[in-house]
Protein chains: 2
Amino acid sequence: MPTLRDVARLAGVHLSIVSRVLNDDKKTSVKEETRQRVQEAAEALGYWPNALARGLKMKSVGSLALVIPDISNPVYAEIIRGAEQEARQSGHFLLLASTAGADPRTLEFMQALLEGRVDGVILANALLDDAVIDALEAGRYPYVLVNRRSQRARRYVVADDAAGALLAVNHLIERGHRRIGHLAGPPTADTALNRKLGYRHALEAAGIVFDRDLVVEGSYSTESGRIGVQQLVSLPHPPTAVFAANLRVAAGAMDAARRLGVRIPDDLSIVGMHDAELAELLSPGLTTVRLPLEGLGREAVRMLLRVTRGEPGPEQVVLTGAELVERESVRTIQETAHSAS
Amino acid sequence: MPTLRDVARLAGVHLSIVSRVLNDDKKTSVKEETRQRVQEAAEALGYWPNALARGLKMKSVGSLALVIPDISNPVYAEIIRGAEQEARQSGHFLLLASTAGADPRTLEFMQALLEGRVDGVILANALLDDAVIDALEAGRYPYVLVNRRSQRARRYVVADDAAGALLAVNHLIERGHRRIGHLAGPPTADTALNRKLGYRHALEAAGIVFDRDLVVEGSYSTESGRIGVQQLVSLPHPPTAVFAANLRVAAGAMDAARRLGVRIPDDLSIVGMHDAELAELLSPGLTTVRLPLEGLGREAVRMLLRVTRGEPGPEQVVLTGAELVERESVRTIQETAHSAS
DNA sequence: AATCTGTGCGCAAACGGTTTCAAAGTGAAT
DNA sequence: ATTCACTTTGAAACCGTTTGCGCACAGATT
């Protein structure tokens, strides 16, 4: 691991010159010949600046962290991709850190991350202790929430979940469904709340009376989808369609339906939220609403970089642009007793 | 962001004392009362050591990186989980970095990562330029390959892919299949080669003659599975079963089969390699071989930490313990013309 | 010849820690 | 009173960078 000193020795100059040459410092001039020598020496030694030393001096290390609770959730894959691209484009390093269930330790975790390792963090945790956010605000640490908003957090970038949900439910309504269930996400998650809101608005706009029995709350897991669908189909007057708050929930619901002998879409239509390869691999293919998740990632990085540089700019952004991806999980209901009555 | 100096000032001692107290230095004794004062001062200020400064001095930052090509691949999720647990247990920080297609830049990427940001790297890239490995070896950087071996790499931890493949194919043979196709992975991936090897060995052991037409090579992608299955079923004498080298390939194959009107398992049985939630969500549920991926992650971290500490130990480990997870994608073939002849 | 204006380079002080070494203080033994 | 051993603390070097500042030397100006 050669240092500036080594390069300087080889080139026969002082290390400060090496630093200036390598950083292309405009404020001091160095003779063309010296510049050459330095560059050759650096090349020969395979010199690479030490990120630690530089970071210590500069108070910035050129990397950002994206903290995610669960790597295997496909939702994050897309956010990550977007964040990664944006970070790369602006010459930054994106590091991923998973909190992997170690919830109580999240705060220390963040501390350790922020005390030098990275310049700022993007938090994608759906469930996040308010204490963590308070600590970040108090410590004036550069952070931004992505796909999640909070009373306490000043900065976030989210998708328009309500509009997306509206899209999904409207699709079912257009297809003739009147009795539509909702497999909702965890009430602690902001996204889940907004999706439920969109669901209600869609019903309302269509003049369908909201039936409390048709929404079952759970978590964003396949298991939750399984349980929920079971609950819905065993209702005295079961729904003809369900809107699942999440791709995993939808997948779980389909899985359970299959085991229960409920055919999709013949017996039950289903539309999910968020699109990923999984939606296509399911059988039948799952109709979903595609959210601009990649954009979320990009925007979050942009905002974070602005914060680290102390530049002004929007601090809450909600990205619109949800769109329906039709596959095979929804059937059209013919006009029946309902409309005839 | 308080520093040692701040704490020292508040406690009325020299900063070196603070360092010693906070690090619980055994080699120097400090008066109990002073210790108290220092600890209180640190507490009051919310002092947290700067990872950069410490790392610069100590030549170790307490974090490791796991480099993965594609976050969305479920195979990695499990490796990550194992690595994470092991890292946490030994007081280290695991950072994830995705190379996300930026192949040509992998080397610089690694450089940037290793020059201070982390103490060592675990590479999970299935496809990895030899130049990268050579550079790592030449630079004496702490690294280990996981789920991948290479001629050039001294250190790796892998699963026994051949044994796993054997398990999968034997299962098909036991179920009466004689004409078994193989959707192989990329010939550049070590795992793909070993799985193909296991496939051939299984056939051989059962006295089934190897038919070159029955193996189609591709990549570890769903698309590859789609193309492969199409190719196999359009053979003049198509197989009754296929062994897919990978979960994604299997999923793609099932998807394509469905669209082609080939029923699974009635018309075609399929077994995949590697287990994840996806296998269960597919319809029908996919029979797969479960590989000890979590163990791979754990073992890789252990090995890497040994390397960074300069401790001796095994440098190539292959983890056994693959097991078959039966679901619904394989049907039993009754004795027919084949065995009767 | 003395002064001025640049150019090209080196010195040294940070950045925030860890750790070696020596000095100061304490009490007991000589 | 002096020596000694031991505890407690401070001073300073160092890790590898960046950067403000000053020095030396060149050529141009008076």
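Lettering follows sequence order; numbering is per chain, from 1. For clarity, every value in this text was computed on a predicted model and none was experimentally measured.
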Short side-chain N/O contact to [N] OP1/OP2 from [X], under 4.0 Å:
X      : N       : answer
S29(B) : dT8(D)  : yes
K59(A) : dC15(C) : no
K57(A) : dC15(D) : no
N23(A) : dT18(D) : yes
R54(A) : dG16(D) : no
T34(B) : dT8(D)  : no
S19(A) : dT18(D) : yes

Quick one: does [X]'s side chain have a donor or acceptor within less than 3.5 Å of a partner on [Y]'s backbone?
X       : Y       : answer
R81(A)  : E294(A) : no
R5(B)   : L15(B)  : no
R154(A) : E137(A) : no

Rounded to the Å, how far apart are [X] [atom1] and [N] [atom2]?
X       : N       : atom1 : atom2 : result
L22(B)  : dG16(C) : CG    : P     : 16 Å
K27(B)  : dT18(C) : NZ    : P     : 13 Å
I17(B)  : dA11(D) : CD1   : P     : 10 Å
L56(A)  : dA13(C) : CG    : C1'   : 13 Å
Y47(B)  : dG17(C) : OH    : C1'   : 7 Å
R35(B)  : dT8(D)  : CZ    : P     : 9 Å
L15(A)  : dC11(C) : CG    : P     : 9 Å
R117(A) : dG16(C) : CZ    : P     : 17 Å

Among [options], the nucleotide that comes nearest once only the side chain of [X] is considered:
X      : options                   : answer
H14(B) : dT17(D), dG16(C), dA11(D) : dA11(D)
N50(B) : dG10(C), dG16(C), dT9(D)  : dG16(C)
K31(B) : dA12(C), dG16(D), dT8(D)  : dT8(D)

- request: Would you tell me whether S90(A) and H92(A) have side-chain atoms, one donor and one acceptor, within less than 3.5 Å of each other?
  value: no
query: Between the side chains of E115(B) and Y141(B), is a donor N or O closer than 3.5 angstrom to an acceptor N or O?
result: yes
query: Do R20(B) side-chain and dG10(D) base share a donor-acceptor contact under 3.5 Å?
result: yes
message: Under 3.5 Å, is there any donor-acceptor pair linking the side chain of T3(A) to the base of dC15(D)?
response: no
- prompt: Do the numbers put R148(A) on top of the ring of Y156(A), so that NZ or CZ is under 6.0 Å from the six-membered ring centre and no more than 45° off the axis?
  reply: no
task: Under 4.0 Å between any heavy atoms, over every strand shown, what does L52(B) touch: base, sugar-phosphate, or nothing? Just pick one.
output: nothing
task: Could you check E32(A) against V18(B) and say which one's nearest nucleotide on DNA chain C is further toward the 5' end?
output: E32(A)
- request: Would you mind telling me which residue lines up with the more 5' stretch of DNA chain C, A53(B) or D25(B), judged by nearest nucleotide?
  value: A53(B)
statement: The answer to which of T28(A) and L4(A) contacts DNA chain D further toward the 5' end, by nearest nucleotide, is L4(A)
